[in-house]
Amino acid sequence: MSNSTQTYPSIFNDVIGPVMRGPSSSHCAAAVRIGKMVRDLMDGEIKDVLIEFDPDGSLATTHVSQGSEMGLFGGLLGWDATDSRLADSPKAIQEAGINVKTVITPLDTDHPNTYKMTVTNSRETHTITALSTGGGIIEVIEIDGTKVSMAGDYYETLIYFKSDKDRLLVHLNEKISADEIRILHGEVTQFVEIKSQGFIDQETISELHSKFDIQSIKQIRPVLPILSFQGMEVPFITCSEMMAYNHNKNLDLWELAVHYECSRGAITNAQVTQKMADVIDIMQNAIHEGLAGTEYADRILGYQSGKFQAQMENRRLIDGGVLNQIILYTTALMESKSAMGLIVAAPTAGACGGLPGACIGAASALGLSKDNMTRAMLAAGIIGVFIADQATFAAEVGGCQAECGAGSGMAAAALVTLVGGSTQQAVNAASMALQNTLGMICDPVANRVEVPCLGKNVMAASNALACANMALADYDPVIPLDEVIQTMDKVGKMLPSALRCTALGGLSITKTSKEIEKRLAKKND
């Protein structure tokens, strides 16, 4: 039994989600979340924003084309990652009278997705440093020169004060219920940070102002759907721990996923399955919208899924059976994403097609129910939890093996579960699928998350189908899943930074890619 104060991945926070619009979860959805937290820190009033990106990081070359500015501006305006207005946020932030300046300058950071911001209104100025760690997950690591760790999974109250810290701390511990209360000191400021399941009430806030020398009190709302809490426990956090937990229980992989998420989120079995069923509704809608045809100006690829569907229905394709349905749905999902449609990052926006394309495509071809899909997607979710905990979903850190590769491993487990395979077979399928994708680079053409992303999503889904069938035939994966995930993390860190979503290597720097980039830039002028 794992039991500590650390935060564990959640299927709905870290793996199957966020629900969003935009080209990239680590760029767009994460930026929305960071922007919303900054807005709360400023009490919703923002006049000037200085944004700084490191020249050696991913954001320096991709912050416009992959949606970081779009998402950040939307968040600063108070919008959600699902807001249909996101593409218009650069114009909207100007209309709101917010002055924004973006500077590429060296930062003292090791993470390629680092946001540093200085935000000002008529009363105050604050500085914030935040990271996008992959798949829409974020961490605020510094506020006003003070080290913090905020993932958006608590209600955060910051009490800025001038003096009498010991008496203030005693008073807070006596008066309020919280998961954590601590005093943080920076070079120029000090504040109490309170992590809790809800904000302290207005009466208590008034009392604090009357009894102590309080400068200001800031309330930062959570941005994740599943909150964390004090004393959190999970039944397992690695595949080997899960298999030991399942000894003599004989639970299916999807049932083990429910056990995990119930413990992680302090929610019921019914809530877990309903949340996943709701996710599938969004995925299915995105598929239907993609098949109906999508248009978007800032885009490389046009409407292709309709052509594939017509050729498939007219029997003009090589007979691929279930695989052709999977390719069709994967393509439709990627086209919805590229047209700013509502999608689910699974595990990322750049890899949003492979897992649902495989799972929903196979279920459709085989005539299986939504309940079957829900269970399969839950099985994928727990495989993703192991990847999130032991490796990464960020292509900027681990290459595309962290996105489409991870999605392929998750999809393989989902497909085995979809057709009634065993827990061991599902785990074996995930291991084989991940083994086949080690070392996959991230080299987006013209800085857009379309090419070779579509092909890699189709490859991820196809690989998942092959590995699912191999596992159902009891092929030996040889290397246990935990060891494959750990290797995946090591291999990703060995990749040159030019091949990790910086648009500085691979297909990104071909002559054709640069010509497409120039053409799209002219179209958007």
Exercise. Relative to each other, are the rings of Tyr245 and His259 parallel, tilted or perpendicular (30° and 60° limits)?
Worked result: perpendicular
Seminar exercise, completed: Between the OG atom in Ser149 and the CD atom in Glu139, the distance rounded to the nearest 0.5 Å is 3.5 Å
Exercise. Which distance, rounded to the nearest 0.5 Å, do you find between the CE of Met410 and the SG of Cys359?
Worked result: 10.5 Å
For this session: Quick one: pull up CG in Asn428 and CG in Asp474 and give me the separation to the nearest 0.5 Å.
Result: 8.0 Å
Exercise. According to the interplanar angle, ranging from 0 to 90°, do the rings of Tyr260 and Phe236 count as parallel (below 30°), tilted (30 to 60°) or perpendicular (above 60°)?
Worked result: tilted
Exercise. Where the side chain of Ser132 meets the backbone of Ser26, is there a donor-acceptor pair that is under 3.5 Å apart?
Worked result: yes
Problem set entry | Short N-O contact, Arg500 and Asp443, less than 4.0 angstrom | no
Problem set entry | Presence of salt bridge, Lys116 and Asp54, under 4.0 angstrom | no
Exercise. Only one of Leu378, Val416, Ile383 clears side-chain contact (heavy atoms from CB on, under 4.5 Å) with Leu253; which?
Worked result: Ile383
Seminar exercise, completed: Tested for side-chain hydrogen bond (donor to acceptor under 3.5 Å, both in side chains) against Ser408, the lone hit among Asn463, Asn436, Asn457 is Asn463
Exercise. With a 4.0 Å cut-off, would you call Lys514 and Glu517 a salt bridge?
Worked result: yes
Exercise. In Å and rounded to the nearest 0.5 Å, what is the CG to CG distance from Leu251 to Leu256?
Worked result: 5.0 Å
Exercise. OG/Ser24 to CE/Met70 distance, rounded to the nearest 0.5 angstrom?
Worked result: 10.5 Å
Exercise. Do Gln274 and Asp278 meet the criterion of a side-chain donor-acceptor pair at a distance under 3.5 Å?
Worked result: yes
Problem set entry | Spatial distance of atom OG1 (Thr510) from atom CD (Glu515) [nearest 0.5 Å] | 8.5 Å
